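Notes to accompany the following structure.
This structure is a prediction, so every number in the text was calculated from the model and none was measured. Below, chains carry the letters A, B, ... as their sequence lines are ordered, and counting in each starts from 1. The figures here come from the full heavy-atom set of this structure, side chains too, leaving out hydrogens, waters and symmetry mates.
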Protein chains: 2
Amino acid sequence: MANKKRTTIKDIANALDISAAAVSKALHDDPRISKNTKEAVRRIAKELNYQPNHLATALRKGKSNLVGVIVPRTNSNFFSSVLESMEEILNKAGYNIIITQSNESFEKECQNIDTLLYTQVDGIIASMANETVDLSYYEKIKSKGIPLILFDRGENDLNVDYVGINDYKSSLMIVKHLVEQGCKRIAHIGGYRRTRIFNNRIRGYIDAIKKYNLPFEDSLITESSLTLLDGRKKMMDLLNLEKRPDAVYVAGDYAALGALQVLNENMINVPNDIRLVGFGNEPFTSLVTPTITSIEQHSKDIGRLAAETFLERVAQAELKQTLNKIILDAELIIRDSSKTN
Amino acid sequence: MANKKRTTIKDIANALDISAAAVSKALHDDPRISKNTKEAVRRIAKELNYQPNHLATALRKGKSNLVGVIVPRTNSNFFSSVLESMEEILNKAGYNIIITQSNESFEKECQNIDTLLYTQVDGIIASMANETVDLSYYEKIKSKGIPLILFDRGENDLNVDYVGINDYKSSLMIVKHLVEQGCKRIAHIGGYRRTRIFNNRIRGYIDAIKKYNLPFEDSLITESSLTLLDGRKKMMDLLNLEKRPDAVYVAGDYAALGALQVLNENMINVPNDIRLVGFGNEPFTSLVTPTITSIEQHSKDIGRLAAETFLERVAQAELKQTLNKIILDAELIIRDSSKTN
DNA sequence: TATATTTGCTTAAACGTTTAAGCAAAAGTA
DNA sequence: TACTTTTGCTTAAACGTTTAAGCAAATATA
């Protein structure tokens with residue numbers, strides 16, 4: 001027997017024979033309401049199990065206190081961890097978050113944007129799907145005048161706030177490390193160049209290769225979606241080369257895992273025959289044999305900074321402040337797959 | 001230069017010199033509005049880039065078309081996959097979902113419930129945190145009169161709809177498989193009994209052990225949080241036993257992975273010396289060496305069924321229908337870790 | 001032609017809040 | 001005492017929709 005009708009501010013007002021406005025003010029601790037009334041209101045509110053109706057508040061105030069978040073998937077440790085720290089910061093500031101997944105699909109991403117705008121979120125924090133090249137939906141967010149913050153997978157052309165790591169520099173770190181281990185022929189299994197972060201990783205790889213005077217050959221560098229299967233396929237291609245590489249830098253951990261499988265299956269010793277480095281520091285990198293060297297992206301920091309950037313934006317809505325581009329340094333976590341014994 | 005003011009139904013009304021009510025009806029294809037007017041309204045709506053305000057609609061209708069979902073974490077494949085299929089079904093029915101994570105914390109779970117209720121969701125679909133024993137917050141949902149559906153981690157006492165797999169039977173399958181492989185001394189690293197699903201797995205294990213007349217000893221059965229570290233610790237304990245088991249059934253894949261690490265480190269051959277079975281069919285089970293036998297929980301089906309159960313509930317809100325308890329059969333995926341060579 | 005029905009709208013209230021404006025009573029000040 | 005200020009409320013409008021009720025004109029029916 002749930003009491004069908006939710007209790008409203010008016011019910012409290014009737015119970016105390018005062019106006020609804022007085023109740024509202026009492027609940028918000030307005031100085032012009034007497035202590036007595038406030039206490040009475042709070043008592044009755046508890047008694048009737050009053051819960052404010054967010055929809056009414058949001059409608060009246062023109063502010064929903066909701067932030068929409070779009071991620072490609074939640075099942076990677078990186079995104080789930082970003083979400084966690086993001087939520088923590090935003091909750092503290094009185095915001096709640098709505099998480100949506102694009103599943104790396106452009107269409108789904110557009111749907112998500114529509115859903116979020118329809119839900120009247122006060123802002124959107126997003127990491128773009130791999131597929132996304134058409135930015136008109138993101139322009140739509142901007143044209144609504146609500147803050148848009150991108151993280152990890154961003155896009156310079158959009159001219160919005162961005163939080164991510166220094167992918168270019170990460171590639172330099174990786175190649176440097178491999179060179180120090182004695183590698184002379186380093187291959188790169190990369191993501192698609194059209195995605196900025198993967199392009200930066202490729203650029204970093206190429207520049208580092210040149211810097212150390214290592215062979216730079218087309219056959220040593222490929223693009224893919226970086227799934228596990230892609231990693232397997234690209235690794236097989238590399239093994240079929242006349243001159244095999246002695247190290248492979250894979251721009252994603254799942255693809256690195258696929259590559260490792262192929263190497264293991266072919267009895268090629270990692271790291272002695274071929275050294276391997278991944279990217280993203282997914283938990284499994286420290287669980288497989290051998291453990292995989294990878295790049296830690298400081299997901300907690302990224303989540304926190306993205307949230308804080310959003311909060312800054314709403315605080316200074318009027319001021320046309322300059323864009324925030326926050327680029328964090330990543331960290332190379334050296335494990336067995338790249339270590340010289 | 002974003003046009004600060006969003007266009008409303010009134011703007012369209014003014015532009016056409018008709019009433020707001022007519023516009024609303026035109027947009028909803030009311031038969032009492034002329035074709036001409038409808039076309040004009042749609043034209044102007046597009047021209048002014050009109051987007052309906054969900055808050056107003058929801059407030060007026062007393063229905064938000066939002067469904068809240070609470071999961072322990074999103075970063076397991078199981079939950080992320082449940083969410084995906086759930087969302088698909090609900091979107092088709094005109095609902096959007098708000099995902100929240102409890103991080104296995106009771107406190108966070110309560111916060112999430114409050115947030116969702118405050119956001120005026122039309123229902124909540126949840127999988128409970130490991131910690132949760134106090135059900136008062138869930139009672140709160142019920143008392144609001146909105147549907148509550150539990151999945152995976154449920155609780156019988158609550159008397160609400162539930163979707164999950166047959167954990168008891170899964171244990172029977174696992175033990176049967178191990179017996180068929182020739183195992184005579186099977187240990188169980190389980191979850192905490194207070195969580196129903198883990199209790200069922202333990203019951204299944206015990207009943208199966210008895211059925212096959214295998215030794216049932218206290219030292220062979222333990223409870224834990226089933227983290228990777230728990231798995232390591234419990235496996236070490238088992239190795240220190242005077243009479244080691246020849247098979248270990250672990251109630252979670254992460255813990256099974258921990259156990260596998262310990263076995264590998266101690267040069268104990270899996271499956272020849274000790275056979276190993278996990279639970280959950282996380283992707284990494286097929287990626288490690290040896291691949292781990294596990295239980296597939298049909299996450300897509302669980303998500304779909306939970307969503308459909310919710311939709312049934314709202315459709316038949318008035319009818320006091322009987323409870324839905326949907327128990328799916330799981331599937332044993334046999335891999336190298338339990339196979340007789 | 002007179003009446004009934006249908007068409008195509010309008011008016012006004014409602015959903016549950018917040019808030020600007022205002023007003024009477026109480027308290028303070030000269 | 002006569003005023004100003006403060007206190008503690010109330011009234012009413014607003015946020016953007018939806019919808020019941022109603023009304024005039026057009027159309028159908030007898």
Given D/dT18, C/dC9, C/dT17, the nucleotide with the shortest approach to the side chain of B/I9: D/dT18
Over how many whole Å does the gap from [X] atom [atom1] to [N] atom [atom2] extend?
{"X": "B/R6", "N": "D/dG16", "atom1": "CZ", "atom2": "P", "answer": "9 Å"}
{"X": "A/K35", "N": "D/dG8", "atom1": "NZ", "atom2": "P", "answer": "12 Å"}
{"X": "A/R32", "N": "C/dT19", "atom1": "CZ", "atom2": "P", "answer": "15 Å"}
{"X": "A/N14", "N": "C/dG16", "atom1": "CG", "atom2": "C1'", "answer": "13 Å"}
{"X": "A/N65", "N": "D/dC15", "atom1": "CG", "atom2": "P", "answer": "19 Å"}
{"X": "A/E39", "N": "D/dG8", "atom1": "CD", "atom2": "P", "answer": "13 Å"}
{"X": "B/L16", "N": "C/dT10", "atom1": "CG", "atom2": "P", "answer": "10 Å"}
{"X": "A/H28", "N": "D/dG8", "atom1": "NE2", "atom2": "P", "answer": "19 Å"}

Can you give me the closest heavy-atom contact between [X] and [Y], atom names plus distance?
{"X": "B/N65", "Y": "B/D122", "answer": "N-OD2, 2.6 Å"}
{"X": "A/I197", "Y": "A/R153", "answer": "CD1-CD, 3.7 Å"}
{"X": "B/L148", "Y": "B/V160", "answer": "O-CB, 3.6 Å"}

A/S34 side-chain N/O to D/dT7 phosphate OP1/OP2 under 4.0 Å: no
Side-chain N,O (B/S24) to OP1/OP2 (D/dT19) below 4.0 Å: no
Criterion salt bridge (Lys or Arg N to Asp or Glu O under 4.0 Å) on B/K325 and B/D161, from CA distance to verdict: CA-CA 6 Å; B/K325 296 274 178 201; B/D161 294 331; over 6 Å; no
B/R6 NZ/CZ over B/Y50 ring centroid, <6.0 Å and within 45° of normal: no
Contact between [X] and [Y] at the side-chain level, heavy atoms closer than 4.5 Å - yes or no?
{"X": "A/I124", "Y": "A/L117", "value": "yes"}
{"X": "B/T119", "Y": "A/L66", "value": "yes"}
{"X": "A/V69", "Y": "A/T100", "value": "no"}

Between B/T132 and B/E109, a side-chain donor and acceptor under 3.5 Å: yes
Of residues 50-64 of chain A, the positions that come close to DNA chain D - non-hydrogen atoms, cut-off under 4.0 Å: A/L59, A/R60
Touch class at under 4.0 angstrom, heavy-atom based, for B/T8 against every strand present: sugar-phosphate
End axis versus end axis in the helix from C/dT1-D/dA30 to C/dA30-D/dT1, the angle rounded to 10°, five pairs used at each terminus: 40°
